[in-house]
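The figures here come from the full heavy-atom set of this structure, side chains too, leaving out hydrogens, waters and symmetry mates.
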Amino acid sequence: SAYFPRAVLMLWLISILIGALFALVWIPRSWIGKINNKASLAFFLAALWSVRIWHLTRKDKMPWPVKWHSTLLIALNLIVASYLFSQGLIGVRLWA
């Protein structure tokens, strides 16, 4: 259908706006130290798990747009998780 690309674009834009709204809540909570570190650790583990699943299914037949889109999202999640880990926002604080 001709409306499918537009629908995907609209869903993508809506998800970006929802993410921006969440950022208005989570960034100040991060600054005042009210974020539970377990959630960020779960995000990091989920990013690593998605790389594992991608590796296991990389030879499966699927349409190339789906393959490239999922690969891009997995790579972006891993990059964000690695950045957060390198900045000390992900990890287990044994002294806390």
Side-chain angles (χ1 to χ4, degrees):
S1 166
Y3 294 108
F4 182 72
R6 291 183 182 139
V8 170
L9 177 64
M10 291 303 296
L11 288 173
W12 183 69
L13 290 173
I14 289 169
S15 68
I16 289 174
L17 292 174
I18 290 171
L21 291 175
F22 279 128
L24 294 175
V25 173
W26 290 107
I27 290 174
R29 286 182 63 117
S30 172
W31 289 339
I32 59 175
K34 297 246 181 191
I35 290 182
N36 186 348
N37 207 24
K38 292 177 186 173
S40 59
L41 185 59
F43 171 71
F44 186 72
L45 293 174
L48 291 176
W49 186 259
S50 65
V51 171
R52 180 183 184 278
I53 297 299
W54 175 86
H55 181 71
L56 292 174
T57 61
R58 71 187 184 280
K59 294 182 181 178
D60 290 355
K61 285 202 168 240
M62 66 180 75
W64 67 267
V66 173
K67 189 170 198 157
W68 282 101
H69 180 257
S70 62
T71 301
L72 177 66
L73 290 178
I74 289 168
L76 289 173
N77 276 339
L78 191 60
I79 290 168
V80 169
S82 299
Y83 173 76
L84 293 174
F85 181 75
S86 71
Q87 297 299 312
L89 297 173
I90 293 178
V92 178
R93 290 182 283 172
L94 300 174
W95 59 89

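- Listed by chain and number, the residues in a side chain to side chain contact (heavy atoms under 4.5 Å, CB included) with S82 are L78 (sequence neighbours excluded).
- The distance from the CH2 atom of W49 to the CD1 atom of I53 is 5.0 Å, given to the nearest 0.5 Å.
- Following chains of ILVMFWY side-chain contacts shorter than 4.5 Å, one can reach W54 starting from L45, so the two form part of one hydrophobic cluster.
- The side chain to side chain donor-acceptor pair (under 3.5 Å) pairs that include a residue from residues 56-65 are H55-R58, where partners are two or more places apart or lie in different chains.
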